[in-house]
There are 2 protein chains.
Amino acid sequence: MRDRPKIKDIAEKAGVSVATVSRALAASTLVTAETRQRVLDLARELDYRPNVSARNLRTRRSMTVLMVVRDVGNPFYLDILKGVEATAREAGYAVLMGNTENDPARETEYFNMLRDGHADGMILMTGKPPPAGGWNHLPVVVALEMIEGSGLPHVQIDNVAAARGAVEHLISLGHRRIAHISGPVPEPMSVYRREGFRLAMRDAGLTIPAGYEVRGDFLIESGMECCRSLFSRSDPPTALFVANDEMAYGAVHELRRIGRAVPGDVSVVGFDDLYLSKAFYPPLTTVGQPRSEIGRTAMAVLLGILSGGSEAAEPIVLPTVLRVRGSTAPPRT
Amino acid sequence: MRDRPKIKDIAEKAGVSVATVSRALAASTLVTAETRQRVLDLARELDYRPNVSARNLRTRRSMTVLMVVRDVGNPFYLDILKGVEATAREAGYAVLMGNTENDPARETEYFNMLRDGHADGMILMTGKPPPAGGWNHLPVVVALEMIEGSGLPHVQIDNVAAARGAVEHLISLGHRRIAHISGPVPEPMSVYRREGFRLAMRDAGLTIPAGYEVRGDFLIESGMECCRSLFSRSDPPTALFVANDEMAYGAVHELRRIGRAVPGDVSVVGFDDLYLSKAFYPPLTTVGQPRSEIGRTAMAVLLGILSGGSEAAEPIVLPTVLRVRGSTAPPRT
DNA sequence: TTGTAAGCGTTATCAC
DNA sequence: GTGATAACGCTTACAA
């Protein structure tokens, strides 16, 4: 940074004005090929790089987007980040990481970064709406989560239908006593997955015994605890629909600990298809989400907004797929 | 961004000069408490936020650091990122993500971002040195990897000793025929872990049969393939030291596929202690790295450099711990 | 086609 | 203590 060559230096050496240099560098047509080449050669020779702060100040853009998640430590976001990063890079944008840890102060702080010019746009995956007041028409795309009534563009999956399909799989195997380990309801994503569970059960004419819906927090340990409570009952389930893979790992772990075979005694279905679920034992039956595509699509939508396009009013819903593996089987008869 | 209030607006409303406003906002002592309060109230009222581009241009700092990894999709980096992010945030820095995919062009591109003012410093985890020429004394901290002869500050673990300890564990259980699935040698990290394997074997007076060292690439599939080649031999090993957990998952998966029990027939030790290894079946014996602390420490070192401190000449070596779990046992007699 | 000059919104250096 | 004012390095009317 210190003593980097600037446009002025190139201008002096080339015997032209700074304006011409700027135009040449921008590949403007308003400059002869000859002078343009001279400037380019000089720039290369001096190893010139434009100062981004100066450029940003002048152009009022940062060519940076902000990706805000609840927890950077969650492996679920990896492929999404990867998709966002790839698409952003292609378009010349850098990606800033935002981590809220569900802290409201941090959430608004990241929105502020949009206004102070830190970033031009945001991909929001916290499920929390922008703070009220003057926050309209922000270049924000909501991914994964749903922020109802926000009017923001969304890129998501159909959680209800996906969950329903997963439970229907269990039912079609012959299970009747199916329990659900949910996410942290009343967050929309958790509510929708639970809703899918309920719909599938209802349509099959099955009742959900009291206490068969247990609330978790999406972490491994929580899967273990919820599982423990379900299997301390006198009427334990023969199958579990778990709201995400991590809790499913925990549930399987706990089942093994208390001596129940998976899928022999209990079938388990997860949600997310983390990259490890296929190497898990038993390989986990789970709902696959197109994470990488969610990231790429969200970034593409954001790019559209940033280049002045109109925002799509309808949420973009990407398809999921049920991956049937070794953790589900017919119930023991 | 558009039509945000600026210092000038506050100055006019407060009836003072922009200089005074700037000073008041900076909590300078060169301003009366009274005017300071007036400015602060006004700033809050107008919902003022300083323009970062203008500030960066003037101060010649971006208050941003760049964290560059080989593959953002690798879960191994999660806790490190989390540590970096937390420490950076406390110090008022934002974190930009860089992803090289081992592409040399990208690697230099991220170094360029340091020079063009995109970021003030970098935490480098690619193992690739800065491009030659004029790159001296860059505010770069190398984490995890080793870039020998670079003169850059390092935050790392002792891979040789950690690997050695893992293999000694297998030896102490009574194993004699121990094979090694390595990372992509000749990369330093992979070489060091293999070196630890060799030293432990040598010290125990054990020979390593030809072909007992198989080269992987740190991914699950590679663990499966390497394992397959080892167990197609007439003298298969009774224990495996695998250079990372992901390949260990793959190896265990493959062992199960060919009907070998873990740890009954074959013991397996991994490296990294990914957050899933304890929920894996069998729970994986592995070398635990203080990932979060590596991230925090690397960022702290970088902050020291950025605030003008002298760089530590000696690498900072953080301790590892062997986590003995269920994937290792004495060999079948 | 090129040059001149006016900003972009701050912070820092002077005076007063 | 406070106020003019000059940078910071770039882009872009407007002139020539």
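Fair warning: this is a prediction, and the values are worked out from it, not measured in the lab. First the proteins, then the strands, lettered A, B, ... as listed; each starts at 1.
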What's the shortest heavy-atom distance between B:E145 and B:H154, and which atoms?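 Looking at all heavy atoms of both residues, the closest pair is O-CD2, 3.4 Å.
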Check: [Y] and [X] side chains under 4.5 Å, non-hydrogen atoms:
| X | Y | value |
| --- | --- | --- |
| A:Q37 | A:T32 | no |
| B:T126 | B:N102 | no |
| B:L144 | B:Q289 | yes |
| A:V65 | A:I123 | no |
| A:V140 | A:F111 | yes |

Distance below 4.0 Å between [X] side-chain N/O and [N] OP1 or OP2:
| X | N | answer |
| --- | --- | --- |
| A:R60 | C:dG9 | yes |
| A:Y48 | D:dG9 | no |
| B:S53 | C:dT10 | no |

Euclidean distance, atom [atom1] of residue [X] to atom [atom2] of [N] [Å, nearest integer]:
| X | N | atom1 | atom2 | value |
| --- | --- | --- | --- | --- |
| A:N51 | C:dT10 | CG | P | 17 Å |
| A:L57 | C:dG7 | CG | C1' | 9 Å |
| A:K8 | D:dC8 | NZ | P | 8 Å |
| B:N56 | D:dC8 | CG | C1' | 11 Å |
| A:I10 | D:dT11 | CD1 | P | 11 Å |
| B:Q37 | D:dG1 | CD | C1' | 17 Å |
| B:E12 | D:dG3 | CD | P | 13 Å |
| B:L30 | C:dT11 | CG | C1' | 13 Å |

Consider the side chain of A:T35, meaning its heavy atoms from C-beta on, and name the nucleotide among D:dA4, C:dT10, C:dT2 that approaches it most closely.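 For A:T35, the side-chain atoms sit closest to C:dT2.
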Test log, rule salt bridge (charged side-chain N to carboxylate O under 4.0 Å, His left out), inputs A:E101 and A:K128: CA-CA 12 Å; A:E101 312 265 1; A:K128 303 298 164 52; over 6 Å; no
Using heavy atoms to find the nearest nucleotide of DNA chain D for A:K6 and A:T20 separately, return the residue whose nucleotide is more 5′.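 First, find each residue's nearest nucleotide; the 5'-ward one identifies A:K6.
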Residue whose nearest DNA chain D nucleotide is more 5′ - B:V31 or B:T59: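 Counting from the 5' end, the first nearest nucleotide belongs to B:V31.
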Mind checking A:V16 for me? I need base, sugar-phosphate or nothing, with any heavy atom below 4.0 Å counting as a touch.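 Result for A:V16 = sugar-phosphate.
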B:S22 vs A:R23, nearer the 5' end of DNA chain C by closest nucleotide: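 Nearest nucleotide further toward 5': that of A:R23.
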Terminal axis angle for the helix from C:dT1-D:dA16 to C:dC16-D:dG1, five pairs an end, nearest 10 degrees: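 Nearest ten degrees gives 40° for this helix.
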Suppose we call a contact any N or O donor and acceptor under 3.5 Å apart; does that hold for the side chain of B:R58 and the base of C:dT10?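 Answer is no: no donor-acceptor pair is held.
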